[in-house]
Structure formats: C-alpha cells, structure tokens
Number of protein chains: 2
Amino acid sequence: MIAPQTAPAGPAGLHNPLDALLGYQLRRASTVMMAHLGAALAETGLTPTEASILLLIDANPACTQSDLGRALAIKRANMVPLMSGLLKRGAVERAPVDGRSQALSITANGQALVADVRNRIHRHEQCFQGQFDAKALDAMIAGLQLIRATVQDEA
Amino acid sequence: MIAPQTAPAGPAGLHNPLDALLGYQLRRASTVMMAHLGAALAETGLTPTEASILLLIDANPACTQSDLGRALAIKRANMVPLMSGLLKRGAVERAPVDGRSQALSITANGQALVADVRNRIHRHEQCFQGQFDAKALDAMIAGLQLIRATVQDEA
DNA sequence: TATTGTTATACTCTATAACTATA
DNA sequence: TATAGTTATAGAGTATAACAATA
C-alpha cells in the first residue's frame with residue numbers, strides 16, 4: 001500500500017508523493033535527457049528521432065524502412081516523412097531490393113553528418129553518464145532494459 | 001568516442017548501437033511504463049497525467065493550479081483542460097483564496113476515486129518494482145533523480 | 001495471404017502569445 | 001511589475017484505416 005500523505009509542503013514546492021514512483025521518475029528523467037539531446041542536435045537540423053535513424057542505418061547497411069520502424073517502435077506510416085527528410089537532405093539513399101523493399105544506406109555526403117551526430121550524442125551522453133561510476137552506469141542500463149523487457153515490447 | 005559498428009544484424013532484428021545509450025534506454029523504458037500505466041488506469045477514465053494531478057492535490061490540499069503545473073512541469077495553459085475535466089467529473093473542487101488564486105481539494109465523492117487510483121498505480125508499479133531487489137530499486141530511483149538534477153529542471 | 005511503402009487523417013501533448021483581473 | 005487563470009492556436013508525435021504493388 002502507498003500510505004496517504006498529509007505532511008505540509010515546504011516553501012520550495014509541493015510535497016510530491018509521485019517521487020517514489022519508478023514510472024514517474026523515469027518519465028521526468030527521460031524528458032530531461034530528450035530536451036538536452038534535442039539542444040545538442042539543434043545545429044545539425046536533425047531531431048533525436050532522425051539522428052537515431054541515421055545511426056541505425058549506418059550500423060545496418062541495406063536495412064529497410066520497415067526494419068527501422070520495428071527497431072525503434074515507429075509505425076511504418078510515420079517513417080515516411082522522417083525518411084523523406086533524410087533523403088531530401090542527401091544524407092541517405094535508397095536502392096531497390098525487390099519490387100517493394102528498398103535498401104537504405106548513408107551517402108558519401110552523409111558520412112560527415114553521421115560522424116557529427118555521433119560526436120554530439122557522445123558529448124550529450126557524457127554529461128549524464130559522468131554522474132555515475134562504471135558499475136552504477138551498467139546497473140542503470142541493465143535496469144532500464146529489464147523494465148523494457150517486463151512487458152512485451154511496443155509496436 | 002563511440003566506435004563505428006559493422007557487425008551484421010541477427011535474424012531477430014537490427015543491430016542497435018543505441019542500446020548502449022542511457023537516453024535511449026530511458027526513453028524506451030519510459031514509453032513501456034507509460035503505456036502500462038495508461039492501461040492500468042483505463043477503467044477509471046483518467047489519463048496518467050490526470051491521475052497524477054489527483055494524487056498531488058490529495059497530498060497538498062489547498063494547492064493551486066499553478067502549483068501543480070510547476071510540480072509536474074505542465075504549463076499553466078495546458079492545466080486548464082486537465083482541471084476542467086476533473087472539476088466536471090466532481091472529483092475536485094475549488095475555493096477562492098484571493099481574487100486570482102483558487103485552492104484545490106478532493107471532493108467527498110472524489111475520495112473513492114483517489115483510493116482507486118492509488119491502488120491501480122500501486123499494482124502497476126509492483127509489476128516493475130518486483131523485478132528489482134530493494135537495494136537495486138533505491139539505486140534506480142536515485143539514479144533517475146540524479147539524471148533529472150543534472151540539468152536545471154524543466155518548466 | 002502477408003508485407004512494403006504510401007496517403008490521408010485524427011487525436012493527444014506540448015508550446016507560445018495574448019488577454020483579464022488581481023496582487 | 002509579477003502572478004493566476006484563461007483563450008486560441010500552432011506544432012510535434014503518434015494512431016488507424018485504407019490502398020497499390022509485390023512476395
């Protein structure tokens with residue numbers, strides 16, 4: 001049972017019983033890191049999602065749009081505008097595999113962008129990973145994966 | 001430096017270099033827990049955000065709408081439809097403090113809803129907290145708060 | 001029959017700007 | 001001048017349904 005709380009709130013803010021909840025802390029921490037990542041990527045003109053797609057294509061040459069959607073839990077329909085932005089930008093190219101699939105790859109021009117994205121993400125991650133020692137960081141990552149695995153993964 | 005990856009993806013899916021990133025794992029884990037919480041609350045007709053507001057008012061009688069917004073990082077403008085739903089439902093009532101502030105409280109009728117919400121959130125949290133021993137859970141919560149505190153808190 | 005890529009569309013969340021009335 | 005509450009609105013992000021072409 002979660003005990004009802006009647007203690008008065010301090011001058012700094014309200015008493016927040018949600019602070020003890022894993023889901024609440026997860027959501028707030030995620031929002032903080034996403035905002036920080038968005039700022040770190042702003043100069044590239046990419047959103048965190050677009051940057052993720054870029055890194056995933058780079059690590060999986062010849063993958064398809066549907067593959068990416070499955071890996072990142074993005075619906076096929078929502079992949080379309082995401083991909084068309086990266087294609088128009090000339091960072092990604094497509095080659096037909098069969099009549100319906102297209103193999104994705106980073107263009108020669110896109111390589112520099114990928115490297116820049118990698119550096120920016122790395123610096124961003126260091127801001128937060130630096131708060132933990134190696135053991136604690138591994139425990140955090142493992143814990144988060146455990147949470148993800150608790151329920152069958154999203155679409 | 002994040003090493004470039006060239007290993008082939010297994011048949012189960014793509015190779016995902018984002019798996020080593022705290023921000024990525026945070027986002028995915030948060031999405032999983034939010035979806036699970038949404039399902040746990042569905043029968044109450046409340047969203048996770050509305051349920052959070054309810055618990056926060058219950059823990060902070062006579063708080064204002066703006067107080068809640070600050071505690072939950074919800075902009076004043078976005079609090080309006082949230083509050084009006086809870087008011088129309090008869091779970092929350094308002095009493096004027098001065099000419100501009102209104103003190104919020106849970107109605108007599110709303111108490112049962114708060115209790116139900118508390119139980120549902122508790123069962124939901126147990127699904128995930130149950131994966132950790134007490135020490136690991138404390139470390140997770142503390143780690144998430146540390147991440148939040150790394151950057152000055154959101155609006 | 002299932003899958004790829006696509007269009008169109010709707011719904012939720014979040015963000016900004018502006019207004020009023022109060023302090 | 002700053003704050004509480006409100007309105008209107010714009011922009012993301014995400015969801016479903018449907019379609020054509022292909023496997």
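A, B, ... follow the sequence lines: proteins, then strands. Residue 1 opens every chain.
A donor N or O paired with an acceptor N or O is not found under 3.5 Å between the base of dT4(C) and the side-chain atoms of Arg76(A). You'll find a donor-acceptor pair under 3.5 Å spanning the side chain of Arg100(A) and the base of dT22(D), going by distance alone. Side-chain to base pairing of Asn78(B) with dA15(C): one donor and one acceptor N or O lie within less than 3.5 Å of each other.
For Met79(A) and dA15(D), the CE to P distance is 14 Å, given to the nearest whole Å. Per the geometry, CG belonging to Leu82(B) stands 15 Å off C1' belonging to dC11(C), to the nearest Å. Distance, Ile53(B) CD1 to dG5(D) P: 12 Å, rounded to whole Å. The nearest whole Å value for the distance from the CD atom in Gln102(A) to the C1' atom in dT6(C) is 11 Å. Taking atom CG of residue Leu72(A) and atom C1' of nucleotide dG13(D), one finds them 14 Å apart after rounding to whole Å. Separating the CG atom of Asp98(A) from the P atom of dA23(D) is a distance of 5 Å, rounded to the nearest angstrom. In this structure, Ile74(A) places its CD1 atom 15 Å from P of dT4(C), rounding to the nearest Å.
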- Task: List the steps and the verdict of side-chain contact (heavy atoms from CB on, under 4.5 Å) for Leu68(B) and Ile74(B).
- Result: CA-CA 8 Å; Leu68(B) 295 173; Ile74(B) 299 171; over 6 Å; no
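Between Arg27(A) and Arg94(A), the residue anchored nearer the 5' end of DNA chain C, judged by the nucleotide with its closest heavy atom, is Arg94(A).
Contact between the side-chain N/O atoms of Ser66(B) and the OP1/OP2 oxygens of dG5(D) is found at a separation under 4.0 Å.
Nearest nucleotide to the side chain of Thr47(A), out of dG13(D), dT16(D), dG5(D): dG13(D). Here the nucleotide nearest the side chain of Lys75(B), chosen from dT7(C), dA15(C), dT16(D), is dA15(C).
Residue-level contact check: Thr64(A) touches the backbone only, with heavy atoms under 4.0 Å from sugar-phosphate atoms and none from bases.
Between the side chains of Gln131(B) and Thr150(A), at least one donor N or O sits under 3.5 Å from an acceptor N or O.
Shown here for Ala71(B) and Asn16(A), the closest heavy-atom pair between the two residues is O-ND2, 4.1 Å.
Expressed to the nearest 0.5 Å, how far CG of Leu72(B) lies from CE of Met79(B) amounts to 7.0 Å.
In this structure, Thr44(B) and Leu41(B) have side chains that are in contact, with non-hydrogen atoms separated by less than 4.5 Å.
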